[in-house]
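Note that the coordinates shown come from a computational prediction; the quantities given were computed from them, not determined experimentally. Below, chains carry the letters A, B, ... as their sequence lines are ordered, and counting in each starts from 1.
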Amino acid sequence: MISDPHEAEFQALIDSDQRIEPRDWMPDGYRRSLIRQIAQHAHSEIIGMQPEGNWITRAPSLRRKAILMAKVQDEAGHGLYLYCAAETLGVDRAELIDLLHQGRQKYSSIFNYPTLTWADVGAIGWLVDGAAITNQIPLCRCSFGPYARAMVRVCKEESFHQRQGFESLYALSHGTPEQHEMAQDAVNRWWWPSVEMLGPPDTESTHSAQSMAWGIKRFSNDELRQRFVDMVAPQAVVLGLTPPDPELRWNEDRGHYDFGEPDFEELRRVVSGDGPCNRQRAAHHLAAHDEGAWVRAAAAAYAAKHPATSAAA
Amino acid sequence: MSEETPAPLWEVFIRSKRGLSHNHVGSLHAPDAEMALRNARDVYTRRMEGVSIWVVPSAVITASSPDEKDSFFDPAADKPYRHPTFYSIPKEVQQL
Ligand SMILES: [Fe+2]
Ligand SMILES: [Fe+2]
């Protein structure tokens with residue numbers, strides 16, 4: 001039973017499917033949980049630029065290069081929408097970035113895998129952005145207003161990400177035998193990490209129940225995973241590529257695809273820092289941040305000399 | 001860790017097309033107004049979402065408090081006569 005009148009009002013807003021706004025009273029746990037989740041989501045968008053950014057200079061045509069640059073730039077935008085949403089909860093972006101650099105806040109496991117060939121860019125768009133969309137669509141109705149609004153913007157932009165990936169992979173799959181093989185190899189490597197990125201199984205998910213009660217999460221990890229597999233399994237047939245899961249098949253009775261057990265041990269390992277590229281990703285972000293310090297310093301010095309247009313005036 | 005002072009926060013408002021008012025879309029950090037405008041263009045209008053942008057230092061915004069929202073908005077709550085539906089008009093009058 002809730003005795004605190006503030007808390008009763010807060011829960012009543014959530015139960016009637018209204019949004020909580022930054023200046024509303026909220027339980028400490030709700031605030032902490034959102035800061036953690038939104039910050040990790042923001043970090044994922046930003047770190048997620050690295051695997052694809054790796055191929056910008058080597059894209060096979062000007063068209064693909066322009067598309068890839070636009071996509072990577074969108075991911076930067078997504079990170080910024082999300083840092084902005086987190087800041088409405090009373091933290092500063094600089095603090096969150098420090099926590100990322102100290103390894104005290106995480107980002108999605110998926111971005112710790114390397115992009116070995118051009119086909120990986122297509123596989124990421126199709127599978128990784130596909131899994132991200134599956135996760136993000138319900139977040140458009142999350143109980144915290146700024147997070148929900150950021151997700152609406154993000155989801156609008158994500159649909160192009162998945163389509164361009166599908167198109168690129170389709171072209172490879174229907175190209176020369178070598179191109180087809182490259183596309184299949186990319187799917188072999190990205191399939192399971194994408195299925196795993198929807199999180200640990202419901203039986204082990206630590207934050208889920210409370211997040212559901214608070215209207216932050218609307219569906220469990222396993223429900224989202226099923227939704228993702230149901231979406232991409234038939235698309236794989238159109239692509240002419242075979243997901244590396246011998247147990248993947250349509251189940252008439254359930255009205256869903258059956259699929260094999262993901263390697264959650266691997267997920268745990270990668271999340272806790274031991275994936276193929278964790279150290280490289282973290283070091284690259286830190287280096288970019290440090291190398292940009294003189295630009296920020298110069299801009300701040302310029303602003304100080306021209307107080308008419310600076311907020312500090 | 002960095003000893004930098006973070007650039008100030010700006011609230012961003014965008015007019016999506018002529019004839020509409022500016023709407024709040026989010027915030028961003030920038031050292032000055034000029035940079036805030038340029039950053040806002042890159043962050044919030046990559047797909048022609050706007051024809052005009054305002055940036056306002058977040059620190060200068062005064063907001064009503066959600067705690068006193070009941071008493072603050074009370075004066076409007078008991079005045080149904082401010083709405084046209086409050087009035088009954090004879091049926092013969094078709095439009096009023
Ligand atoms: Fe994104
Ligand atoms: Fe994306």
For A:Asp74, is there an ion pair with B:Arg47 - N to carboxylate O distance below 4.0 angstrom?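 Yes, this pair counts.
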
Closest approach of B:Pro6 to A:Ala94 (non-hydrogen atoms, all atoms of both residues): CG-CB, 4.1 Å

Quick one: closest heavy-atom pair of A:Ala303 and B:Pro31, and the distance?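 Minimum heavy-atom contact is CB-O, 3.4 Å.
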
Can you say whether B:Ala36 sits under 4.5 Å from chain A via the side chain, the backbone, both, or neither, judging by heavy atoms?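 For B:Ala36, no heavy atom lies under 4.5 Å from chain A.
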
Main chain of B:Thr5, side chain of A:Arg296: is a donor-acceptor contact present, judged purely on distance under 3.5 Å? no

Ignoring hydrogens and angles, tell me if any N or O in the side chain of A:Arg153 forms a donor-acceptor pair with the backbone of B:Tyr44 under 3.5 Å. yes

Contacting region of [X] [heavy-atom separation from chain B under 4.5 Å]:
{"X": "A:Asp290", "answer": "neither"}
{"X": "A:Asp92", "answer": "side chain"}
{"X": "A:Ala297", "answer": "neither"}

Between atom CG of B:Asp42 and atom CD of A:Gln73, what is the distance when rounded to the nearest 0.5 Å? 6.0 Å

Please report the interatomic distance NZ(A:Lys305) to CG(B:Asp32), rounded to the nearest 0.5 Å. 13.0 Å

Taking everything shown except [X] itself, do over 12 heavy atoms lie less than 6.0 Å from its [atom1]?
{"X": "B:Arg38", "atom1": "CZ", "answer": "no"}
{"X": "A:Met49", "atom1": "CE", "answer": "yes"}
{"X": "A:Arg279", "atom1": "CZ", "answer": "no"}
{"X": "A:Leu62", "atom1": "CG", "answer": "no"}

Most heavy-atom pairs under 4.5 angstrom with chain A, which of B:Val43, B:Asn39, B:Val25?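 Ranked by heavy-atom pairs under 4.5 Å with chain A, first place is B:Val43.
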
Could you please state which residues from residues 88-95 of chain B sit under 4.5 angstrom from chain A, measuring non-hydrogen atom to non-hydrogen atom, sorted by number, or 'none'?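 Answer by number: none.
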
Taking the side chain as every heavy atom from C-beta outward, state whether B:Leu28 and A:Tyr83 have any atom pair closer than 4.5 Å.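 When only atoms from C-beta onward are counted, A:Tyr83 and B:Leu28 do not touch, as no gap falls below 4.5 Å.
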
Would B:His29 and A:Glu87 count as having a side-chain donor-acceptor pair, cut-off 3.5 Å?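 The criterion, which ignores hydrogens and geometry beyond distance, is satisfied for A:Glu87 and B:His29.
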
